[in-house]
Amino acid sequence: MNFLDLHRWDVTPLEAIEIQNRLRRQLILDQAPAVIRTIAGVDVSNAFGSNRLFAAVVVLDLQHPQPKGFPILEVATASLEVAFPYVPGLLSFREIPVVLKAWEKLQIRPDCLMADGQGIAHPRRIGIASHLGLLVDLPSIGCGKTRLIGAHREPGPLQGEWSPLIDRGETIGAVLRTRDGVSPVFISPGHRMTLDRAVEIVLSSQLRYRLPEPTRMAHQLVNEARRAA
DNA sequence: GCGACAG
DNA sequence: ATCTTGTCGC
């Protein structure tokens, strides 16, 4: 398998795993951006048993919060018919193609991206947030609503409290309470990111909902795009 | 062999 | 992921 193969999407599950094993070595996890001015939220929507996927990317201005939320600097959407099925651990190969199609329309290059799913909290330490961060060469954060792998204690009930997510003796993420009393989200560094910075950035992009604004807005926008289609 | 399993 | 608005509960 040569370098070009790492950019093919019409692969078998076995080939996908091999690509992940090669790509994971390129991840940078010992440094993170000190300041984030703009952040992109990424989400994908898929209609009930269909292979027609929709993606939305929304760029938010974290530096100038308004009463209603963070200013939306840009939105890009796309749709695509895909063949790769949903396989736990191989989500990237189903969802990233349509995300890249939307991403290419973006005029702004954000400082960071946040994806709906895991970063390194993945069996091979390369979830969709890590994979996407590598492809667009940006710091990235995974923000999943549920767990893929790892064990953890129940985090404290207050906003900002978190418990480490641990797999094979390694801390791979944080189970973070984003608001008092809500069920926690699963945060993990994706690429060019550390866990502590990921948690800080998530909390700084937090408004009054369970999900941080980047993924919450992206989820809202992708559903609008899908209904309009 | 059995259970778990992002979206 | 998705079918779905108002409604029950802290």
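What you see is a predicted model; the values in this text were computed from it and never measured. In what follows, chains carry the letters A, B, and so on, assigned in the order in which the sequence lines appear, proteins first and then strands, with residues in each chain numbered from 1. Note: hydrogens, waters and symmetry copies are ignored here, and every other heavy atom, side chains too, is used.
- Under 4.0 angstrom from either OP1 or OP2 of B/dA6 there lies no side-chain N or O belonging to A/Lys145.
- Residue A/Asn46 is in base contact, counting any heavy-atom pair closer than 4.0 Å across all strands shown.
- In this structure the side chain of A/Arg125 never reaches within 4.5 angstrom of the side chain of A/Leu27, judged on heavy atoms.
- Ring stacking is absent between A/Phe186 and B/dA6, as the pair misses the limits of under 5.5 Å between centres and under 30 degrees between planes.
- Out of C/dT2, B/dA6, B/dG7, the shortest distance to the side chain of A/Asn223 is found at C/dT2.
- A/Leu221 pairs with exactly one of A/Asp43, A/Val75, A/Val57, A/Thr77 by the side-chain contact (heavy atoms from CB on, under 4.5 Å) rule, that one being A/Val75.
- Between A/Arg109 and A/Glu74 there is no salt bridge, since none of the side-chain N atoms of the basic residue sits less than 4.0 Å from a carboxylate O of the acidic one.
- Within 4.0 Å (heavy atoms only), A/Gly89 reaches at least one base atom of the nucleic acid.
- Regarding contacts with the backbone of B/dA6, a side-chain N or O of A/Tyr86 is found under 4.0 angstrom from either OP1 or OP2.
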In dot-bracket form, how is DNA chain B paired, counting a Watson-Crick or G-U wobble pair only if both its distances are under 3.5 Å and using | for bases paired to another strand?
-> .......
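- Considering only heavy atoms from C-beta on, A/Met114 comes within 4.5 Å of A/Ser205 through its side chain.
- Residue A/His131 places none of its side-chain N or O atoms closer than 4.0 Å to OP1 or OP2 of B/dA6.
- Taking the six-membered ring for Trp and thresholds of 30 and 60 degrees, A/Phe93 and A/His131 have ring planes more than 60 degrees apart, a perpendicular arrangement.
- A close approach under 4.0 Å does not occur between any side-chain nitrogen or oxygen of A/Arg124 and OP1 or OP2 of B/dA6.
- A/His191 is listed as a side-chain neighbour of A/Ile28, based on a closest heavy-atom distance under 4.5 Å.
- Atom CZ of A/Phe93 and atom P of B/dC5 are 22 Å apart (whole Å).
- Remark: P of B/dC5 and CD1 of A/Ile128 are 19 Å apart, rounded to the nearest angstrom.
- The CZ atom of A/Arg227 sits 11 Å away from the C1' atom of C/dT4 (whole-angstrom rounding).
- Rounded to whole Å, the distance from CZ on A/Arg147 to C1' on B/dC5 is 8 Å.
- If you take CG of A/Asp116 and C1' of C/dT2, they are 14 Å apart, rounded to a whole angstrom.
- Using a 4.5 Å cut-off on side-chain heavy atoms (C-beta onward), A/Arg24 and A/His122 make no contact.
- Between the P atom of C/dA1 and the CG atom of A/Leu90 lies a distance of 19 Å, rounded to the nearest Å.
- With rounding to whole Å, A/Ile126 atom CD1 is found 18 Å from B/dA6 atom P.
- In this structure, CG of A/Leu211 is placed 10 Å from P of B/dG7, rounded to the nearest angstrom.
- Base contact: A/Gly127 has a heavy atom under 4.0 Å from a base atom.
- Nucleic acid contact class of A/Arg52 (heavy atoms, under 4.0 Å, all strands): none.
- At B/dG7, one or more side-chain N or O atoms of A/Thr146 fall inside 4.0 Å of OP1 or OP2 (strictly under the cut-off).
- For the pair A/His219/A/Ser45, no side-chain contact is recorded, criterion being any heavy-atom separation below 4.5 Å from C-beta on.
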